[in-house]
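Encoded as C-alpha cells, the structure appears first; notes follow it.
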Amino acid sequence: MKIRRVNANNRRKAFEVSTARRGFLFPYAKCDPCPSTEDPVERVYADPELGREAFTYELVSGAEGTIHMDHVLEYNQDPEYLKNHALYLLTLAARERVESSELSTREIIRRLGTSASQFYRLLDQTNHSKSIGQLLALLEILDCDVEFVVRDRPLEPTGS
C-alpha cells in the first residue's frame, strides 16, 4: 500500500499516514528511535527508496527511523491486512504439509477437484485472491486440523 502523505502531529504524539484508501495514526511510542519533546521530529516523508510503502522520519538530534506501512496496518488492526496475513500463514502451513505429504501432487489436485494451475496459485503466498475456504479444504485433504481461537483481549489499564 502506497503512502500518499505523512505528517508528524505533536499534539497527538503520532504520525498521520494517508493512503489511497484512508488515513491512519501511528503513535510515537511505537517508534524506534522515539520522538519526544526534547528530541522532536524535524522532517518526515514517504520514502521513495522504499517505493513509498514506508516513511522515514528524522529527529532534531539527527537520529533517523523508518516505519513500514505493514506496521501501521498491523497497529491499526486493518481488516484487509489481517485477512491477508492469515492467508499468508495458512499458505505457509499448506506448503510445508504438501512437501511432507506422502500424497502425490496429482492426487491432491484430484481430491481438491481443481486444476493444477489453481493448486499452484493456492500455494503462492503472494496470491491474495484465494479464499481461506480453499486453503482449509487443502489442509483437510492433507489430514490437518485447523482451529481458530476467539478470545477477549486483556483490558488495558486506564490512566486514572
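The figures here come from the full heavy-atom set of this structure, side chains too, leaving out hydrogens, waters and symmetry mates.
- Put simply, the residue from Phe24, Phe55, Tyr45 that forms a ring pair (Phe, Tyr, Trp, His ring centres under 6.0 Å) with Phe15 is Phe55.
- The shortest distance between side-chain heavy atoms of Ser36 and Asp39 falls below 4.5 Å.
- Using a 4.5 Å heavy-atom threshold, the side chains of Thr114 and Gln134 count as separate.
- No side-chain heavy atom of Glu74 sits less than 4.5 Å from a side-chain heavy atom of His85.
- In the displayed structure, Lys83 atom NZ is contacted under 6.0 Å by more than 12 heavy atoms of other residues, nucleotides or ligands.
- Between Leu25 and Glu16, some side-chain heavy-atom pair lies under the 4.5 Å cut-off.
- Expressed to the nearest 0.5 Å, how far CD1 of Ile108 lies from CG of Leu142 amounts to 5.0 Å.
- Under the 30°/60° scheme for interplanar angles, the aromatic rings of His68 and His71 are found to stand perpendicular.
- The environment of Tyr75 atom OH is sparse: at most 12 non-hydrogen atoms of other residues, nucleotides or ligands sit within 6.0 angstrom.
- Leu135 and Tyr120 fall within the same hydrophobic cluster, defined by Ile, Leu, Val, Met, Phe, Trp and Tyr side-chain heavy atoms under 4.5 Å apart, directly or through other members.
- No continuous path of hydrophobic side-chain contacts links Leu89 to Leu73 [ILVMFWY only; heavy atoms under 4.5 Å].
- Nearest heavy atom pair, residue Tyr57 against residue Pro35, reads CE1-CG, 4.2 Å.
- At a threshold of 4.5 Å between side-chain heavy atoms, the hydrophobic network of Ile, Leu, Val, Met, Phe, Trp and Tyr places Phe148 and Tyr81 in two separate groups.
- The backbone N or O of Glu49 sits less than 3.5 Å from a side-chain atom of Asp47, completing a donor-acceptor pair.
- The nearest pair of heavy atoms linking Pro33 to Ala63 is CG-CB, 3.8 Å.
- Taking every heavy atom of both residues into account, Ala94 and Leu139 meet most closely at CA-CD2, 3.7 Å.
- One finds the CG atom of Asn84 at 5.0 Å from the NE2 atom of His128 (value rounded to the nearest 0.5 Å).
- Using a 4.5 Å cut-off between side-chain heavy atoms of Ile, Leu, Val, Met, Phe, Trp and Tyr, with links allowed through other members, Leu112 and Leu87 fall into the same hydrophobic cluster.
- Within the 3.5 Å criterion, the main-chain N or O of Phe26 finds no donor-acceptor partner in the side chain of Asn76.
- Here CD of Glu42 is found 7.0 Å from CD of Glu58. Values are rounded to the nearest 0.5 Å.
- Here SG of Cys144 is found 8.0 Å from CG of Leu138. Values are rounded to the nearest 0.5 Å.
- What you find for Leu59 and Cys34 is that their closest heavy atoms are CD1-O, 4.3 Å.
- For Lys13, the NZ atom sits in a loose shell: 12 or fewer heavy atoms of surrounding residues, nucleotides or ligands are nearer than 6.0 Å.
- Interatomic distance, Thr91 OG1 to Leu123 CG, rounded to the nearest 0.5 Å: 7.5 Å.
- Contact of the Gln125 side chain with the Arg95 side chain is registered, since non-hydrogen atoms from C-beta on lie closer than 4.5 Å.
- Val146 and Leu122 fall within the same hydrophobic cluster, where Ile, Leu, Val, Met, Phe, Trp and Tyr residues are linked whenever their side-chain heavy atoms come under 4.5 Å apart, directly or through other members.
- Summarising the local packing, CZ of Arg106 is surrounded by 12 or fewer heavy atoms from other residues, nucleotides or ligands at distances under 6.0 Å.
- In this structure, the side chains of Glu53 and Met1 stay at 4.5 Å or more apart for every pair of heavy atoms.
- Closest non-hydrogen pair, Ala54 versus Leu50, comes out as CB-CD1, 3.6 Å.
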